[in-house]
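Data block below; observations after.
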Amino acid sequence: MEPKCSNLWCVLVFASLMATLSSGSLSAKYYASTCPKLLSIVRSEVVKAVDKEYRMGASLLRLHFHDCFVNGCDASVLLDDTSNFTGEKTAIPNKDSLRGFEVIDSIKTLVEAACPSVVSCADILSLAARDSVVALGGPSWVVGLGRRDSTTASFDNANNDLPSPFLDLPDLISAFSNKGFDTKELVALSGSHTIGQARCSMFRVRAHNETTTIDPDFAASLRTNCPFSGDDQNLSPLDLKTQSLFDNAYFKNLVQNKGLLHSDQALFTNSSADSHVSSYISHPKAFFSDFAAAMVKMSNLSPLTGSDGQIRSDCRKIN
Ligand code: HEM
Ligand SMILES: *[C@@H]1O[C@H](CO)[C@@H](O)[C@H](O)[C@H]1NC(C)=O
Ligand SMILES: *[C@@H]1O[C@H](CO)[C@@H](O)[C@H](O)[C@H]1NC(C)=O
Ligand SMILES: *[C@@H]1O[C@H](CO)[C@@H](O)[C@H](O)[C@H]1NC(C)=O
């Protein structure tokens, strides 16, 4: 049976049902007695950070994705490299790209002051991603809690399991199906690119390739900020229409051949994904409810629970 959501309440109820049904031992009330202020601390710090710089909301959402797709949502992405430990921060998809670590650190400091040694960094990251989407006008969902933090990280899995922006649709489909997501969920989750920015090095080939599927005026405007060589770190919005608003404009860009990354445009190429893109243009509420449900599913990817892992006291270091 396919539940149909036509209003925000239904979205919330459905997402919460999903959280209860599919999260194993995670529970929304996990810290209700041990850290009752947790949700309000995370929410107010995220709102503050997003007010200061809207892009931080995008960066925190992406951090959670890059955590969950690599050995599950275990905060492995937050571990710093040391002389005898190589984490995930220098893997290709993450290096010179991931941001938001300082915001997680300051949330963790406040949470430790309110309730020492009980709340995991992985749970903080999951809440921060949800609160970021809400702060930018997107849907809400109920976050199951009780994840624990890893004592390991995997540089190789970060390189292998995170999708490259140069992939075509079949490879995007398999990268997501490896984590249990179907094509529709791939399209819904890619809708994250309605917020935030990407570096020139990620879209240069596309902006300079005259034969690829790209709107010529859009390509010309990208080239002014992204020359054939150099300026690798120059930024362009992933959604040129409304980069600070979580809406469905990303999909409208795709049908106009104005996707920024090759992997964005690959979702609308006379293929099995087109109908999902079109449907999220005419049914923005369906995009919100599918996105919320897919985020719940992503945030439930193999968490450490029970006595596995640890509660890190510093999110950047193993205890
Ligand atoms: C479908 C496969 C995906 C690919 C190939 C991809 C690739 C990328 C790339 C290359 C960037 C720009 C990074 C940079 O230039 O520094 C980016 C940014 C971003 N991605 Fe994705 N991504 C994908 C899916 C997702 C998913 C599933 C999410 C979240 C659930 C997500 C959230 C974001 C956000 C919010 C940004 C902007 C970050 C910021 O401004 O700091 N992406 N992505
Ligand atoms: C790395 O070195 C530190 C300090 O010398 C030590 O405490 C730690 O156990 C080492 N970690 C690993 C993973 O070997
Ligand atoms: C340019 O785009 C065409 C058509 O999509 C593709 O076949 C070709 O490989 C691309 N060239 C480069 C340098 O990526
Ligand atoms: C999709 O098909 C139409 C009609 O056959 C064609 O004009 C268009 O170039 C195709 N687009 C892509 C991205 O292949």
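First listed ligand is number 1; within each ligand, the first listed atom is number 1.
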Shortest protein heavy-atom distance from atom 39 (C) of ligand 1, along with the residue and atom involved: Arg55 NE, 3.4 Å
Residue and atom name of the nearest protein heavy atom (relative to atom 16 (O) of ligand 1), distance in Å to one decimal: Ser97 OG, 2.5 Å
Side chains of Ser150 and Arg312, donor plus acceptor under 3.5 Å: yes
Contact with ligand 1 for Phe69, non-hydrogen, under 4.0 angstrom: no
Lys297 side chain vs Gly180 backbone, donor-acceptor pair below 3.5 Å: yes
Where ligand 1 meets Leu261 - atom numbers and elements under 4.0 angstrom, heavy-atom basis: 7 (C), 8 (C), 9 (C), 10 (C)
From Val205, Asp168, Thr211 - option closest to atom 3 (C) of ligand 3 by heavy atom: Thr211
Polar contact flag for Ser192 and ligand 1 (N/O pairs, less than 3.5 Å): no
Polar side chain donor-acceptor pair, Asp290 to His276, under 3.5 angstrom: no
Joint cluster assignment, Leu60 & Leu189, ILVMFWY side-chain distance < 4.5 Å: yes
Ile92, CD1 atom: more than 12 neighbouring heavy atoms under 6.0 Å: no
Identity of the nearest option to atom 2 (C) of ligand 1, non-hydrogen atoms only, from Ala175, Ala198, Pro163, Ser201: Pro163
Shortest protein contact, atom 37 (C) of ligand 1 (heavy atom only): Leu238 CD1, 3.6 Å
Ser190, any N or O under 3.5 Å of ligand 1 N or O: no
Residue and atom name of the nearest protein heavy atom (relative to atom 35 (C) of ligand 1), distance in Å to one decimal: Ala58 O, 3.2 Å
Numbering as shown, the atoms of ligand 1 that approach Leu186 to under 4.0 Å (heavy-atom distance): 1 (C)
For atom 41 (O) of ligand 1, closest protein heavy-atom neighbour: Ser59 OG, 2.7 Å
For Pro165, the ligand 1 atoms whose distance to one of its heavy atoms is below 4.0 Å: 5 (C), 10 (C)
Between Asp239 and His193, a side-chain donor and acceptor under 3.5 Å: no
SB check Asp131 Arg43 (cutoff 4.0 Å): no
Stepwise side chain to side chain donor-acceptor pair (under 3.5 Å) check, Asp81 with Thr86: CA-CA 5 Å; Asp81 285 7; Thr86 303; 5.1 Å; no
Atom indices of ligand 1, in the order listed, that fall short of 4.0 Å to a heavy atom of Met202: 10 (C), 15 (O)
Thr82 side chain to Asn84 side chain, donor-acceptor N/O pair below 3.5 angstrom: yes
Which residue and heavy atom of the protein sit nearest atom 38 (C) of ligand 1, plus the separation: Arg62 CD, 3.8 Å
Test item, Leu235 contacting ligand 1 (heavy atom, 4.0 angstrom): no
Presence of salt bridge, Arg204 and Asp232, under 4.0 angstrom: yes
For atom 5 (O) of ligand 3, the protein heavy atom that lies nearest, with its residue and separation: Thr212 OG1, 3.6 Å
Pair Thr242-Asp247, side-chain donor/acceptor within less than 3.5 Å: yes
Sub-4.0 Å atoms of ligand 1 with respect to non-hydrogen atoms of Ser164: 5 (C)
Thr213 N/O under 3.5 Å from ligand 3 N/O: no
Pair Thr211-Asn209, side-chain donor/acceptor within less than 3.5 Å: yes
Identity and distance of the protein heavy atom lying nearest atom 6 (C) of ligand 3: Asn209 ND2, 4.2 Å
Between Ser76 and Glu88: side-chain donor-acceptor atoms closer than 3.5 Å: yes
Geometric class of the Phe287/Tyr280 ring pair [parallel <30°, tilted 30-60°, perpendicular >60°]: tilted
Closest protein heavy atom (residue, atom, distance) for atom 20 (N) of ligand 1: His193 NE2, 2.9 Å
Atoms in ligand 1 with a heavy atom of Arg199 nearer than 4.0 Å: 14 (C), 15 (O), 16 (O)
Flag: protein heavy atom within less than 4.0 Å of atom 9 (O) of ligand 3: no
Gln265 and Arg206: side chain donor to acceptor below 3.5 Å: yes
Nearest neighbour in protein (non-hydrogen) for atom 24 (C) of ligand 1: Phe65 CE2, 3.5 Å
Under-4.0 Å heavy-atom contact with ligand 1, by part of Leu167 that carries it: neither
Atoms of ligand 1 close to Leu189 [distance to a heavy atom under 4.0 angstrom, numbered from 1]: 26 (C), 27 (C)
Interfacing atoms of ligand 1 (cut-off 4.0 Å, heavy-atom, Gly196): 37 (C), 40 (O)
